[in-house]
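Structure first, commentary second.
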Amino acid sequence: VKAQVRTERGNAAYDSTGASPRLVTFSSSTNTEGLQPGYTVTGVGSSNGIQDGTTIASIDSATTLTLSQDTNGGALTDKTLHFGDPERVAIVNGGTTSDETDAVVMGTSDPMLTIAVDSETQPKLFNARRYNGDEVDGRVISGFTFSPDLLWIKSRNTSDRHILFDSVRGVNEAQGNILTPSDNYMQSRSNMLYGHVKAFTSDGFSVEEGDSGWNQISMNDQNYIAWAWKAGGPSVSISNTGNATNITQSASVNSGLSITKFNGHASGVTFPHNLGDAPEFIIVKDLESDARSWVVDHKNLANSNGYLVLSDNADEATISGGFGASDGTNIVLGADGSFGGSTNSYICYAWTPVAGVSAFGTHTGQIDTSAYNTGVSNAVVGANGYCGFKPRWLMIKCISDDSTSWFVVDAFRGEASAGQMYYFESHANGSESSDTNLTAVFKDNGFTTGTHASVGGSGKTYISIAFA
């Protein structure tokens with residue numbers, strides 16, 4: 001059956017008559033690791049001082065947090081609190097699917113809350129974990145329900161780089177291990193600087209310290225989000241073809257993701273993606289050059305030779321020798337050096353849409369309720385925010401106006417006090433932010449947007465990338 005996932009923390013103290021009636025302080029033997037804003041909070045026993053409907057408003061330190069409502073009952077100490085994640089469930093034996101008393105209570109020895117697992121048989125192909133850093137070498141971040149093939153990590157509360165890892169390059173490869181989409185910088189394991197993925201596990205990944213600390217992966221009291229996608233598992237070698245050499249790939253028709261590493265050629269390359277259908281979203285990066293950008297193709301770009309740069313906020317540009325006419329069999333990349341036109345090694349991430357899993361679309365101006373409903377009634381996947389599923393991750397980019405953000409939101413990090421979703425800009429290193437107009441709302445079958453120029457400015461054209 002389905003049941004809420006909870007974690008239990010003792011040694012809690014709070015004072016409804018004090019200067020901070022919403023502040024909860026734990027003793028040094030208990031900490032806030034694994035907790036997140038938005039989690040439900042209930043007290044144990046009578047006179048526990050916690051009002052009905054209370055949630056976590058903020059995590060303030062390793063031993064303190066702030067609640068969404070005042071406590072009551074005066075100065076209370078040595079209390080035990082239960083924290084529930086409303087976004088996740090777990091399967092337990094016995095009871096019924098509506099019996100909330102079957103909720104799993106996890107002890108403080110395992111602060112990592114389990115990602116939602118339901119009674120359906122369809123495997124998860126995208127998932128995410130929020131976690132707090134602790135600078136413990138080898139710590140495992142788990143609960144994805146699969147071994148990630150593509151992993152994107154970002155510190156939520158600092159201006160550290162976005163970092164990407166994948167199973168095709170692996171974590172021990174000396175070249176281009178950490179890719180940072182907010183710039184063109186690359187780091188190898190031998191110069192891993194601010195933290196690194198130590199290994200992929202069957203249910204997540206483990207971490208290790210960098211030469212200069214933990215900032216990018218698990219700094220003490222720093223909050224992180226890790227997004228993960230499943231491709232085809234362990235990579236396989238593909239025979240040289242279409243000028244491409246040394247091809248290794250992990251691809252899955254079920255997930256719609258193909259990850260390919262290859263060496264390019266001065267005339268460009270053509271290689272199979274093994275997705276069954278033409279990819280609608282492609283990212284390519286030269287692994288040996290910091291000077292070359294992350295180049296992006298999307299089915300709804302205005303020009304056949306158009307492209308975007310993931311590490312830049314510019315609008316759509318055109319180029320000779322860029323993305324070619326990829327089809328149901330092959331990805332075609334031209335002679336320009338950023339796309340595949342050198343003998344350097346490259347990485348290519350390519351997605352084709354899968355019903356109920358991913359959707360790649362376009363819209364003009366704000367997607368308000370009226371525009372969104374038009375998309376739903378027409379049932380055109382990708383039109384006006386219609387995805388055919390409720391998104392859990394969304395990226396939007398304006399292709400008709402310069403200096404607009406790559407906007408990224410998800411369903412895992414909660415909302416700001418005014419209700420806006422926390423967003424990142426993938427082309428920038430800044431911490432997560434919120435804005436009244438720079439926002440999106442996830443609907444049962446898609447999403448709506450605010451009116452900001454980066455997501456829904458009047459008369460402007462956008463592309464979108466959504467995953468369930």
side-chain contact (heavy atoms from CB on, under 4.5 Å) filter on Thr461, not counting sequence neighbours, yields Thr362, Thr364, Ile399, Ser400
So, does Tyr14 use its side chain to make a donor-acceptor pair with the main chain of Asp70 at under 3.5 Å?
-> no
Thr30 and Gly10 have their tightest heavy-atom pair at OG1-O, 3.3 Å
Hey, are Ser68 and Thr55 close enough side-chain-wise for a donor-acceptor pair under 3.5 Å? yes
Exercise. Without hydrogens or angle criteria, can the side chains of Thr17 and Asp15 be said to hold a donor-acceptor pair below 3.5 Å?
Worked result: yes
With no hydrogens and no angle check, is any side-chain donor or acceptor of Glu208 less than 3.5 Å from a backbone partner on His196? no
- Hey, would you say the Trp393 and Trp229 ring centroids sit under 6.0 Å apart? yes
Under 3.5 Å donor-acceptor, Trp351 side chain and Glu280 backbone
no
Scanning both residues in full, the closest heavy-atom pair of Thr449 with Gly456 reads OG1-CA, 3.9 Å
Assess the residue pair Phe360 and Ser358 against the criterion (side chain to side chain contact (heavy atoms under 4.5 Å, CB included)); give the C-alpha distance rounded to whole Å, side-chain angles, the decisive distance to 0.1 Å, and a yes or no. CA-CA 7 Å; Phe360 310 99; Ser358 55; 3.9 Å; yes
(message) Quick one: does any side-chain atom of Ser218 pair with a main-chain N or O of Asp134 as donor and acceptor, under 3.5 Å?
(response) yes
On a heavy-atom basis, the closest approach of Tyr131 and Ile153 is OH-CG2, 3.8 Å
Scanning both residues in full, the closest heavy-atom pair of Ser147 with Phe200 reads OG-CB, 4.1 Å
Quiz item: Can you tell me if Gln69 and Thr54 form a side-chain donor-acceptor pair at under 3.5 Å?
Solution: yes
Can you confirm whether Lys198 sits close enough to Val207 that some side-chain heavy atom of one is under 4.5 Å from a side-chain heavy atom of the other? no
For the aromatic rings, using the six-membered ring if either is Trp, is the centroid distance between Phe205 and Phe165 under 6.0 Å?
no
Looking only at heavy atoms, the pair that brings Gly43 and Leu81 closest together is CA-CD2, 3.9 Å
Minimal heavy-atom distance between Ala251 and Gln249, with the atoms involved, is CB-OE1, 3.8 Å
| Between Asn254 and Ser252, is any side-chain donor less than 3.5 angstrom from a side-chain acceptor? | no
- Got a donor-acceptor contact below 3.5 angstrom from the Lys154 side chain to the Asp160 backbone? yes
